[in-house]
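Indexing begins at 1, ligand by ligand and atom by atom, following the structure's order.
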Amino acid sequence: MEAGMPKRKEPGKSLRIKVISMGNAEVGKSCIIKRYCEKRFVPKYLATIGIDYGVTKVYIKDREIKVNIFDMAGHPFFYEVRNEFYKDTQGVILVYDVSQKDSFEALDSWLAEMKQELGPHGNMDNIIFTVCANKIDCTKHRCVDESEGRLWAESRGFLYFETSAQTGEGINEMFQMFYSAIVDFCENGGKRPGTNVSISFTKEQADNIRRIRNSKDSWDMLGVKPGATRDEVNKAYRKLAVLLHPDKCVAPGSEDAFKAVVNARTALLKNIK
Ligand code: GTP
Ligand code: MG
């Protein structure tokens, strides 16, 4: 049996799984867990010291699931404490705060920390990840929009949910889908069920949408050098238009990226003889 996989059990029998939370300090990891397990919200920030541990029992498709939840501290200071807890995990709740861009940008480094701690024989493909775009109640300060978060998550085959631990929005749905995906994965003998986390767009499409969102001007958006010729602009435009046309591309943010490319071409051609 591969490391990280729980024992396969007969359908209907209870299953024991380990779940961890990951993400920067103060993004709301503990509050999400508290909201689900205790149905309450604590507005005061009580930083997790190292790690908090809890056990809960849930029922998924008539099956009893015993969940061991390890709620990690996000502060770098606690790295030495939490690094012990990455192994033998079946599910990860990866959280960022939609009003803190750096917490979104830190998601890759959280995956890198986990990968490093699991070592060369660790297999992250055995783990179900769910991404929580948390604090969606903070609408005024939101700076990471849904399509950007969804694109990051779904291009990696992760689940994605918009959540608020404060109002409870999205929390039950997230846990239900997350636990169901873990159970399906275990019952499939470690094969990802096609329906749950299938990716319906290509990496090239996702990479281009991300690049277009972060581009600094119209040249950059089309991926051509400043001063490029009409032909070069049109060629780059045609390639991106085919790749990102909303009829062909279902990746989150593709429609906006397509419009941005059309506008960039129009703006550039106005000034090129
Ligand atoms: P560490 O344990 O330090 O890693 O932080 P954490 O990610 O566990 O954050 P925690 O759950 O303690 O929440 C941090 C702060 O954000 C607290 O003041 C919470 O009340 C607040 N908070 C958490 N979730 C939400 C939310 O959905 N909306 C709003 N408005 N505040 C939230
Ligand atoms: Mg915490």
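When non-hydrogen atoms are compared, ligand 1 lies under 4.0 Å from neither the backbone nor the side chain of S21. Only the backbone of K44 comes within 4.0 Å of ligand 1, counting heavy atoms alone; no side-chain atom from C-beta on gets that close. When non-hydrogen atoms are compared, ligand 1 lies under 4.0 Å from the backbone of S164 as well as from its side chain.
R211 places a side-chain N or O within 3.5 Å of a backbone atom of M221 that can act as its donor or acceptor partner. Of the possible donor and acceptor atoms, none in the side chain of K29 sits under 3.5 Å from a partner among the backbone N and O of L94. Looking only at distances, a side-chain donor or acceptor of R230 sits under 3.5 Å from a matching main-chain atom of I272.
Every atom of ligand 1 with a heavy atom of S30 under 4.0 Å away is listed here by number and element: 8 (O), 11 (O). Heavy-atom contacts of C138 reach the following atoms of ligand 1: 30 (N) (cutoff under 4.0 Å). Residue K29 approaches ligand 1 through these ligand atoms, each under 4.0 Å from one of its heavy atoms: 1 (P), 4 (O), 5 (O), 6 (P), 7 (O), 8 (O), 9 (O), 11 (O). Shown in contact with V42 at under 4.0 Å from a heavy atom are these atoms of ligand 1, numbered in order with element: 19 (C), 20 (O). Atoms of ligand 1 lying under 4.0 Å from at least one heavy atom of G74, given by number and element, are 1 (P), 4 (O). In summary, the atoms of ligand 1 found under 4.0 Å from a heavy atom of A73, numbered by their order in the structure, are 4 (O).
Stacking of R150 on the aromatic ring of Y160 is not recorded, the 6.0 Å distance cut-off and the 45° axial limit not both being met. Judged by the 6.0 Å distance and 45° axis criteria, K39 is positioned over the aromatic ring of Y36. F70 carries K18 over the face of its six-membered ring, with the cationic atom under 6.0 Å from the centre and within 45° of the normal.
If you take CG on N68 and OG1 on T89, they are separated by 10.0 Å, rounding to the nearest 0.5 Å. For the atom pair L222 CG and W219 CH2, the distance stands at 9.0 Å (nearest 0.5 Å). The CD atom of E154 sits 11.0 Å away from atom OG of S147, with the distance rounded to the nearest 0.5 Å. Here the CZ atom belonging to F85 is positioned 4.5 Å from the CD1 atom belonging to I51, to the nearest 0.5 angstrom. Distance CE/M174 to CG/N134: 9.0 Å, rounded to 0.5 Å. Rounded to the nearest 0.5 Å, atoms CD (Q205) and CZ (R210) are 12.0 Å apart.
The shortest contact between atom 11 (O) of ligand 1 and any protein heavy atom is with C31 N, 2.8 Å. Protein heavy atom at the shortest distance from atom 21 (C) of ligand 1 is K135 NZ, 3.9 Å. Nearest protein heavy-atom neighbour of atom 28 (N) of ligand 1: D137 OD1, 2.8 Å. Scanning the protein for heavy atoms near atom 9 (O) of ligand 1, the closest one is G28 N, 3.2 Å. When only non-hydrogen protein atoms are considered, atom 27 (O) of ligand 1 lies nearest to A165 N, 2.8 Å. Closest protein heavy atom to atom 5 (O) of ligand 1: E26 N, 2.9 Å.
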K57 vs I65, side chain to side chain contact (heavy atoms under 4.5 Å, CB included): CA-CA, chis, key distance, verdict: CA-CA 6 Å; K57 212 187 275 180; I65 317 291; over 6 Å; no
Side chain to side chain contact (heavy atoms under 4.5 Å, CB included) between E169 and T163, worked out: CA-CA 5 Å; E169 195 176 340; T163 60; over 6 Å; no
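Considering backbone and side-chain atoms alike, P43 places an N or O below 3.5 Å from some N or O of ligand 1. At a 3.5 angstrom cut-off on N or O pairs, T163 does not count as close to ligand 1. Polar contact with ligand 1: absent for F41 (N/O pair, distance under 3.5 Å). Geometrically, ligand 1 and Q166 share a nitrogen or oxygen pair separated by less than 3.5 Å.
Comparing T48, V27, N134 by heavy-atom distance to atom 24 (N) of ligand 1, the nearest is N134. The heavy atom nearest to atom 17 (C) of ligand 1, considering only F78, Y45, F77, Y96, is found in Y45.
Note on ring orientation: taking the six-membered ring where Trp is involved, the planes of F158 and W152 are perpendicular (angle over 60°, cut-offs 30° and 60°). Taking the six-membered ring where the residue is Trp, F78 and H75 present perpendicular rings, their angle passing 60° and hence far from 30°.
Of all protein N/O/S atoms, those under 2.8 Å from the Mg ion (ligand 2) are S30 OG, T48 OG1, and waters are not counted.
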